[in-house]
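Numbering of residues begins at 1 and proceeds along the displayed sequence. We use all heavy atoms of the structure for the numbers below, so side chains are in, but hydrogens, waters and symmetry mates are not.
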Amino acid sequence: MELDEKKYLYLLILIPIVVCIFLFNMYWKRKKQREFGDLEMVKRLSPEKSVFKPVLKITVLLLAILCLIIGLVNPKIGTKMETVKREGIDIVFAVDVSKSMLAEDVAPSRLQKSKQLVSQIINNLGSDRIGIVAYAGSAFPVLPITSDYGVAKMYLQNMSPDMVSSQGTSLDEAIRLSAKYFDEKSKTSKLLILISDGEDHSEGAVAAAEEANKLGMRIITIGVGTEKGGTIPLRENGVIRSYQKDQNGETVTTKLNQEGLKTIAKGDYVYGGSTKEVLEYIKNALNKIQKTEFEATQMAEFQSQFQWFIGFAFLLLFADVFLLERKTNWIKELNLFNEKK
């Protein structure tokens, strides 16, 4: 379900306002009745007046207002799943989640910057399918190939160093796992976008990249960090308690290894310091890659439901006109609400 006009939700403030007006009116009437005379005597002078009916009328009115607001918001409901044909490529994002990516030489941190870059790239995609892999000392599948960008962003934001137990930067495992995401029999163009600081990477990454190239997979690397480097803060409840230290007790300084990332991608590399430059680079790269038609499943035929709520609102308002504040004879005989006759 989706809401077509969310801006009208602010009208919900009318409900507590109407309730306050009703309560104030009840209080004012009771106060005036006390000024007029004894309450019991006043009730005897108007024996047909119901205590319950005013509450019922305001409840009906509030329901009518609520239905009108929902009608204005116009909820839409998807009625079925359908297979549609799209034209694009398959892209896997391999994101480095090793502890060195917690360094803050790039604001707010290398890992957060990587997430921002991937999110912005996704925003600029058309009909391409995407998958996500996380890696540190080993690689971990996060999201298989999908055309649902919303789900991809949700999984992306939850990525952290805690996802992978072993530390390091195993680029070769990330490349091999990413290659398994793609259907070898499919003619769809394959692209791996690998984001990392490139430091402390395992041997064999170049060999893994060459194997992937033979399978028709293009690799683009994005470097995140600075060559000057930065320390790795260790946080507890969001507060920095200390910094990562090596075996000798010295504070670790982690640096961006651009040359290693360039070698893996055979020069198909872009520095991730500027989001605009990264997006431009990826855009130009995608324009040069052949698009292939493929089938994708999606929710279709979202239908507006506003008419049901508007109709019910007018029905309630119509009923409210005939709800008088005096007692109903047949209900009065039942005495359901213990009203004095």
Side-chain angles (χ1 to χ4, degrees), residues 92-119 121 131-143 152 155-181 192-209 212 219-236 238 240-265 269-273 278:
V92 171
F93 294 95
V95 183
D96 188 347
V97 293
S98 59
K99 284 190 176 180
S100 64
M101 294 295 285
L102 297 177
E104 298 176 349
D105 53 343
V106 174
S109 71
R110 293 179 185 178
L111 181 56
Q112 290 302 320
K113 180 64 175 180
S114 298
K115 292 180 181 181
Q116 291 171 9
L117 290 172
V118 174
S119 182
I121 292 172
I132 301 176
V133 167
Y135 66 95
S138 59
F140 181 83
V142 176
L143 180 71
Y155 277 89
L156 176 68
Q157 294 306 316
N158 291 328
M159 294 174 68
S160 72
D162 297 331
M163 297 178 68
V164 184
S165 58
S166 57
Q167 288 303 305
T169 307
S170 186
L171 296 173
D172 57 333
E173 286 200 30
I175 295 171
R176 290 192 178 96
L177 178 60
S178 299
K180 292 179 181 178
Y181 267 49
L192 168 61
I193 299 178
L194 192 149
I195 305 99
S196 175
D197 56 18
E199 188 182 63
D200 192 28
H201 63 81
S202 58
E203 297 180 2
V206 175
I219 300 176
I220 296 176
T221 54
I222 302 175
V224 181
T226 62
E227 292 185 336
K228 181 181 178 182
T231 55
I232 304 172
L234 301 178
R235 299 177 182 274
E236 187 177 329
I240 298 176
R241 297 298 184 187
S242 61
Y243 291 88
Q244 186 75 31
K245 299 183 184 300
D246 59 20
Q247 295 178 346
N248 299 321
E250 299 293 330
T251 301
V252 173
T253 299
T254 172
K255 300 179 181 180
L256 170 65
N257 178 10
Q258 296 194 81
E259 292 306 316
L261 295 173
K262 289 178 181 177
T263 302
I264 292 168
Y269 166 85
V270 59
Y271 175 58
V278 171

Could you go through Ile219 and Ile175, starting from their C-alpha distance and side-chain angles, then the distance that decides it, and tell me whether this counts as side-chain contact (heavy atoms from CB on, under 4.5 Å)? CA-CA 9 Å; Ile219 300 176; Ile175 295 171; 4.2 Å; yes

Quick check for you: to the nearest 0.5 Å, what is the distance between Ile220 atom CD1 and Leu192 atom CG? 9.0 Å

Enter the distance from Arg176:CZ to Leu171:CG here, rounded to the nearest 0.5 Å. 11.0 Å

Close side-chain approach of Glu236 to Ser242, heavy-atom, < 4.5 Å: no

Can you see which heavy atom on Ala265 is nearest to which on Thr221, and at what distance? CB-OG1, 3.5 Å

Which residues share a salt bridge (Lys or Arg N to Asp or Glu O under 4.0 Å) with Arg241, sequence neighbours left out: none

Is there side-chain contact between Leu156 and Ile132, with at least one heavy-atom pair below 4.5 Å? yes

Check whether Tyr271 reaches the backbone of Val278 with its side chain - one donor and one acceptor, N or O, closer than 3.5 Å. no

side-chain contact (heavy atoms from CB on, under 4.5 Å) between Leu256 and Val224: does it pass, once the steps are laid out? CA-CA 7 Å; Leu256 170 65; Val224 181; 5.9 Å; no

Looking only at heavy atoms, what is the nearest atom pair of Ser100 and Ile232, with distance? CA-CD1, 3.7 Å

Intermediate values then yes/no, side-chain contact (heavy atoms from CB on, under 4.5 Å), Val118 and Val95: CA-CA 9 Å; Val118 174; Val95 183; 4.2 Å; yes

How far apart are the closest heavy atoms of Ala94 and Ser178, and which atoms are they? CB-OG, 4.1 Å

Side-chain (Tyr155) to main-chain (Gly131) donor-acceptor, under 3.5 angstrom: no

Closest non-hydrogen atom pair between Ser98 and Pro161, with its separation: O-CG, 4.3 Å

Partners passing side chain to side chain contact (heavy atoms under 4.5 Å, CB included) against Thr263 (at least two apart in sequence or in another chain): Val206

Output all residues satisfying side chain to side chain donor-acceptor pair (under 3.5 Å) with Ser109, sequence neighbours left out; order by chain, then residue number. none

Residues Ile222, Leu117; criterion side-chain contact (heavy atoms from CB on, under 4.5 Å); working and verdict: CA-CA 9 Å; Ile222 302 175; Leu117 290 172; 4.0 Å; yes

Side chain Lys115, main chain Gln157, donor-acceptor under 3.5 Å: yes

Do you know which of Lys113, Arg110, Lys255 makes salt bridge (Lys or Arg N to Asp or Glu O under 4.0 Å) with Asp105? Arg110

Quick check against the 3.5 Å criterion: does Thr253 have a side-chain atom that pairs as donor or acceptor with the backbone of Thr231? no

Asn248: partners by side chain to side chain contact (heavy atoms under 4.5 Å, CB included), with sequence neighbours left out: Asp246, Glu250

Heavy-atom check, side chain of Asn257 versus side chain of Asp197, under 4.5 Å: no

As an exercise, state the distance from CZ of Phe93 to OG of Ser119, rounded to the nearest 0.5 Å. 9.5 Å

With a 4.5 Å cut-off on side-chain heavy atoms, are Asp96 and Ile195 touching? no

Please find the pair of heavy atoms, one from Ala103 and one from Gly230, that lie closest to each other, and give the distance. CB-O, 4.3 Å

CD of Gln244 to OG1 of Thr251, rounded to nearest 0.5 Å, is 9.5 Å

List for me each residue that meets side chain to side chain contact (heavy atoms under 4.5 Å, CB included) alongside Ala139, sequence neighbours excluded, and say none if there are none. Val133, Tyr135, Glu173, Leu177

Write down the atom of Ala152, the atom of Leu143, and the distance for their closest heavy-atom approach. CA-CD2, 3.4 Å

Can you tell me if Lys180 has over 12 outside heavy atoms packed within less than 6.0 Å of its NZ? no

Between Asn158 and Ser160, is any side-chain donor less than 3.5 angstrom from a side-chain acceptor? no

With sequence neighbours left out, the residues meeting side chain to side chain contact (heavy atoms under 4.5 Å, CB included) with Ala134 are Val97, Val142, Met159, Met163

Interatomic spacing from CD in Glu199 to CG in Leu261 - rounded to 0.5 Å: 11.0 Å

